[in-house]
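Structure record follows, encoded as structure tokens.
None of the values given here were measured: they were computed from a predicted structure. The figures here come from the full heavy-atom set of this structure, side chains too, leaving out hydrogens, waters and symmetry mates.
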Number of protein chains: 2
Amino acid sequence: MDARERLIETARELLWERGYVGTSPKAIQQRSGAGQGSMYHHFRGKSDLARAAIDRSAADMRDRAEAEFGRPGTALERISSYLRLERRVLAGCPVGRLTQDPDVMGDPQLREPVERTFDWLTDRLTGMLADGRRDGEFDAALDPAATAAMLVAVVQGGYVLARASNSPEAYSRAIAGAIGLLTGHARPA
Amino acid sequence: MDARERLIETARELLWERGYVGTSPKAIQQRSGAGQGSMYHHFRGKSDLARAAIDRSAADMRDRAEAEFGRPGTALERISSYLRLERRVLAGCPVGRLTQDPDVMGDPQLREPVERTFDWLTDRLTGMLADGRRDGEFDAALDPAATAAMLVAVVQGGYVLARASNSPEAYSRAIAGAIGLLTGHARPA
DNA sequence: GTCTATACCTGGATAGAC
DNA sequence: GTCTATCCAGGTATAGAC
């Protein structure tokens with residue numbers, strides 16, 4: 001792995017652990033083993049490197065989700081397996097945590113991949129829920145867009161609960177609660 | 001309002017806007033109009049002041065929730081009115097955002113009020129859901145603890161979605177989705 | 001491509017005068 | 001109680017040598 005690559009991967013780790021404001025160029029250099037000059041040769045500065053790191057984390061998140069969405073099975077099955085994906089719960093969401101960072105959300109370049117990822121995810125779930133409803137899998141009263149937003153929110157909020165209690169259980173409980181309600185609503189009236 | 005009070009209120013604002021790592025003592029002093037010496041007279045340092053600010057924000061959050069929980073009405077009504085409480089959605093949750101801050105979660109003194117607040121909230125909702133289920137308001141299959149965790153997560157995740165899309169609509173959609181499912185499950189089989 | 005030197009600002013805190 | 005002076009480490013970046 002060359003220096004450029006190590007810098008990006010290390011930046012991803014540190015952004016995940018400490019956010020953008022909490023991550024200094026020096027910390028990235030030290031952990032990656034790249035020197036000052038090397039970093040500023042490959043990237044114009046902190047935000048340029050961060051953009052590369054965020055792009056990659058966002059693509060990663062979409063790929064992992066899409067792998068579940070593309071499986072065979074009913075909409076409920078595919079959504080449930082997505083929700084139960086193994087996640088580093090206590091670490092939080094590498095993309096979602098960036099929404100709390102004023103310097104990320106204040107910079108259009110850094111914000112763009114974050115915004116796009118959540119739009120994509122919500123749209124994808126909305127489509128699956130609409131298909132499931134059409135096929136009689138869900139109640140006709142189910143609102144696909146609202147339910148999709150709720151599901152994405154449960155995952156993101158699950159991370160918050162898990163970190164607050166320092167235990168992954170809180171995350172699992174929230175997911176189980178969501179699947180329970182979704183299953184209940186799946187009974188046509 | 002005396003200097004001590006202004007320091008606490010200003011610290012609350014800045015912690016809300018920028019988190020703990022993103023907030024410097026100097027920024028607090030400048031915005032509050034208190035000098036260096038004043039701040040270090042009233043507080044031992046940054047983390048001591050932060051503790052006072054976090055305690056107050058946590059108490060605030062509990063008070064606002066309890067005001068809704070204590071209203072008359074069914075469990076579903078009280079929970080719905082809590083979920084629909086007017087919130088500064090784009091600002092995020094003043095307590096929840098701290099869970100993303102490694103320096104807060106790494107310090108037992110700062111972490112404690114955050115952890116306690118989410119424990120309290122989840123327990124309170126669990127109790128109301130259990131009461132509602134006992135009274136036939138919800139399906140017997142509803143799991144109070146899991147559903148409570150899911151509701152807290154939807155609120156916290158709703159903030160994430162709203163900030164990602166820079167619009168409060170995403171928050172409202174997630175809440176509407178949760179209430180929709182909760183209402184659906186409320187029909188006994 | 002990578003290194004070292006340098007620069008300037010901010011973060012977080014202490015000391016002592018008033 | 002509040003002010004100013006001072007301190008040292010770290011953040012972020014540029015310059016120029018190798």
Discussion item. For a 4.5 angstrom cut-off between non-hydrogen side-chain atoms, does B:Ser47 reach B:Gln109?
Written reply: no
Worksheet item: Taking C-beta and beyond as the side chain, do A:Glu9 and A:Arg4 meet within less than 4.5 Å on heavy atoms?
Response: no
To the nearest Å, give me how far apart [atom1] ([X]) and [atom2] ([N]) are.
{"X": "B:Ile28", "N": "C:dT10", "atom1": "CD1", "atom2": "P", "value": "17 Å"}
{"X": "B:Asp103", "N": "C:dG11", "atom1": "CG", "atom2": "C1'", "value": "13 Å"}
{"X": "A:Asp2", "N": "C:dG1", "atom1": "CG", "atom2": "P", "value": "9 Å"}

Discussion item. Does this structure show an ion pair linking B:Asp107 with B:Arg111, if we count only N-O contacts that are shorter than 4.0 Å?
Written reply: no
Item to complete: Give a yes/no answer on whether the side chain of A:His41 brings an N or O atom under 4.0 Å of OP1 or OP2 in C:dC3.
Response: no
Fill in: Counterpart residues, ring pair (Phe, Tyr, Trp, His ring centres under 6.0 Å), relative to B:Tyr40 (two or more places apart)
none
Under-3.5 Å N/O pairs linking protein and nucleotides 9-13 of chain D:
unit_1 : atom_1 : unit_2  : atom_2 : d
D:dG11 : OP1    : A:Ser24 : OG     : 3.2
D:dG11 : OP2    : A:Ser24 : OG     : 3.4
D:dT12 : OP1    : A:Lys46 : NZ     : 3.2
D:dA13 : OP2    : A:Tyr40 : OH     : 3.2
D:dA13 : OP2    : A:Lys46 : N      : 3.2
D:dA13 : N7     : A:Gln36 : NE2    : 3.0
D:dA13 : N6     : A:Gln36 : NE2    : 2.5

Discussion item. According to side chain to side chain donor-acceptor pair (under 3.5 Å), who are the partners of A:Tyr20, at least two apart in sequence or on a separate chain?
Written reply: none
Fill in: Aromatic B:Tyr82 / basic B:Arg87 pairing, under 6.0 angstrom, 45° off normal
yes
